[in-house]
**Q** 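Next up is a structure, given as C-alpha cells.
Along the sequence shown, residues carry numbers from 1.
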Amino acid sequence: MKTASLACIALLALSACSTSTTGRKQVMLFSETELSKMGAASFEDMKKQTPISSHKATNEFVQCVASAITKNVPASAHKGEWEVVVFDSAQVNAFALPGGKIGVYTGILNVTEDQDQLGAIIGHEVGHVIEHHSNERLSANKLSNIGMAVATVAVGASDLENKGLWMAGLGVGLQYGVIMPYSRSHESEADIVGQELMAKSGFNPKASIKLWQNMDKLGGNAPAEFMSTHPSNQTRIKQLNAHLAQSMPLYQQENSPNCKKPKVIPKPPAAKEKLG
C-alpha cells in the first residue's frame, strides 16, 4: 500500500513537470482552464463580499497602471482582456488571479507613492500568474494530502509509540519544511519577474526597492523569515537591488504611461464610520 501510493505520487509529479521562466522546476497537476475557472469564481465572490471603489480618479489611476503592465504579459499566462477592480478596503494588499483578474485595495494606495511603486505591486502580483504559482500551490497541497494519507497508513500499521506526536511532527514538517519555503520561493520569483515586467511597461524598476522600504516601515512585529510564507522585507530589498543590473536595461523612461495618482485616496466605508 505504502509503496504503491508513493509510486503514484512520483508518477504524478514526473508527469506534470515544468520549468519557470527563472529556471526553477515546477510540478503542476491542474489545467489552465481549471485554474481560470477557479480564478473567475473567486473574483466574483470577492466582488460580492468587498465594497468596490466608485472614486473616479482612483480607478483611473489603477486602471492606467494595470493597463500598462498587462500589455506586456505573455499569452501563456493569459489571452484576452484583464478585469481590474479597485476594492474599497483599508487592507494594504493587491492580488492577481488566473483568468486575467486583478484586485487592488485602496489601502495599498496609501503606501505606493506614485505610478512606479504601484507598477511594482501589480507587476509582482501578475508575476505570480505568469509563473503559474497558483497551479503549483494547489498541486503541492494535493500531493501533500496524498503524502499525509500514506503516512497515516504507515504510522497506523507500525508499532511506534506516541503516534499522535509523530503525525503532528509530520504536519509541522510539511508546513515549515515544504509549504512555507515553497511560498517564499514564489514571492522571490514574483519580485524578480515583476521587476522586469514593470521595467518593460515603462515603470522605473528602482521603485520596487523604495516600495519595500515603505512596507518595511509598516512591518511592525513581523514573524521570523523561517516561520513566514514571505521573505523578509530586507531580503526582498537585497534581491531586488541585485537584479537591477538585469531590469534597468529594459526600462525606457520615454515609455512611461504617465498615470497620475490622486492627491487624496478616499477612506473606505468602515474607516469613515469609525471617524464619525
**Q** List in chain and number order the residues that pass side-chain contact (heavy atoms from CB on, under 4.5 Å) with Glu254, two or more places apart in sequence or in another chain; answer none if no residue qualifies.
**A**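 Only Gln252 meet the side-chain contact (heavy atoms from CB on, under 4.5 Å) criterion with Glu254.
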**Q** Mind checking what makes ring-ring contact (aromatic ring centres under 6.0 Å, His included) contact with Tyr251, not counting sequence neighbours?
**A**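 Tyr251: no ring-ring contact (aromatic ring centres under 6.0 Å, His included) contacts found.
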**Q** So do Glu83 and Ile102 actually touch side chain to side chain, heavy atoms under 4.5 Å?
**A**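 No, their side chains stay 4.5 Å or more apart.
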**Q** Contact between Ile108 and Met215 at the side-chain level, heavy atoms closer than 4.5 Å - yes or no?
**A**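 Ile108 vs Met215: side chains touch.
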**Q** List in chain and number order the residues that pass side-chain contact (heavy atoms from CB on, under 4.5 Å) with Thr33, two or more places apart in sequence or in another chain; answer none if no residue qualifies.
**A**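 Scan of Thr33 (side-chain contact (heavy atoms from CB on, under 4.5 Å), adjacent residues dropped) gives Ser31, Lys37.
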**Q** side-chain hydrogen bond (donor to acceptor under 3.5 Å, both in side chains), that's the test. Do Asn204 and Gln253 meet it? Break it down for me.
**A** CA-CA 7 Å; Asn204 190 335; Gln253 191 171 3; over 6 Å; no
**Q** How far apart are the closest heavy atoms of Ser89 and Thr50, and which atoms are they?
**A**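 Taking every non-hydrogen atom into account, CB-CG2, 4.3 Å.
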**Q** Quick one: are Phe87 and Lys47 in side-chain contact, heavy atoms under 4.5 Å?
**A**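 A side-chain contact under 4.5 Å exists here.
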**Q** Is the closest side-chain heavy-atom distance between Met46 and Phe95 below 4.5 Å?
**A**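 Result yes, sub-4.5 Å side-chain heavy-atom pair found.
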**Q** Filter on ring pair (Phe, Tyr, Trp, His ring centres under 6.0 Å), then keep only pairs touching residues 54-79, sequence neighbours left out; what's left?
**A**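 Residue pairs passing ring pair (Phe, Tyr, Trp, His ring centres under 6.0 Å), neighbours aside: His78-Trp82.
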**Q** Which residues satisfy the side chain to side chain donor-acceptor pair (under 3.5 Å) test with Gln239, sequence neighbours excluded?
**A**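 If we apply the side chain to side chain donor-acceptor pair (under 3.5 Å) test to Gln239, skipping adjacent residues, the hits are Ser188.
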**Q** What residues form a ring-ring contact (aromatic ring centres under 6.0 Å, His included) with His128, not counting sequence neighbours?
**A**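 Result, ring-ring contact (aromatic ring centres under 6.0 Å, His included) vs His128: His124, His133.
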**Q** Of all residues at least two apart in sequence or in a different chain, which pass the side chain to side chain donor-acceptor pair (under 3.5 Å) check with Gln91?
**A**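 Result, side chain to side chain donor-acceptor pair (under 3.5 Å) vs Gln91: none returned.
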**Q** Does His243 have any ring-ring contact (aromatic ring centres under 6.0 Å, His included) partners at least two apart in sequence or in another chain, and if so, which?
**A**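 Here no residue qualifies.
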**Q** Would you please name every residue forming a side chain to side chain donor-acceptor pair (under 3.5 Å) with Ser67, sequence neighbours left out?
**A**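 If we apply the side chain to side chain donor-acceptor pair (under 3.5 Å) test to Ser67, skipping adjacent residues, there are no hits.
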**Q** Just jot down the side-chain contact (heavy atoms from CB on, under 4.5 Å) partners of Asn241, sequence neighbours excluded, or say none.
**A**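 By the side-chain contact (heavy atoms from CB on, under 4.5 Å) rule, Asn241 matches Ile209, Ile237, Leu244.
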**Q** Identify whether the distance between the nearest side-chain nitrogen and carboxylate oxygen of Glu187 and Arg236 falls below 4.0 Å.
**A**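 Between Arg236 and Glu187 there is a salt bridge, with a charged N closer than 4.0 Å to a carboxylate O.
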**Q** Would you call Glu60 and Lys56 a salt bridge, taking side-chain N to carboxylate O under 4.0 Å as the test?
**A**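 Looking at Lys56 together with Glu60, the answer is yes, because their closest N to O distance falls below 4.0 Å.
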**Q** Could you pull out all residues at least two apart from Ser42 that satisfy side-chain contact (heavy atoms from CB on, under 4.5 Å)?
**A**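 Result, side-chain contact (heavy atoms from CB on, under 4.5 Å) vs Ser42: Leu97.
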**Q** Identify, with sequence neighbours excluded, every residue that meets side chain to side chain donor-acceptor pair (under 3.5 Å) alongside Asp45.
**A**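 Side chain to side chain donor-acceptor pair (under 3.5 Å) list for Asp45, sorted by chain: empty.
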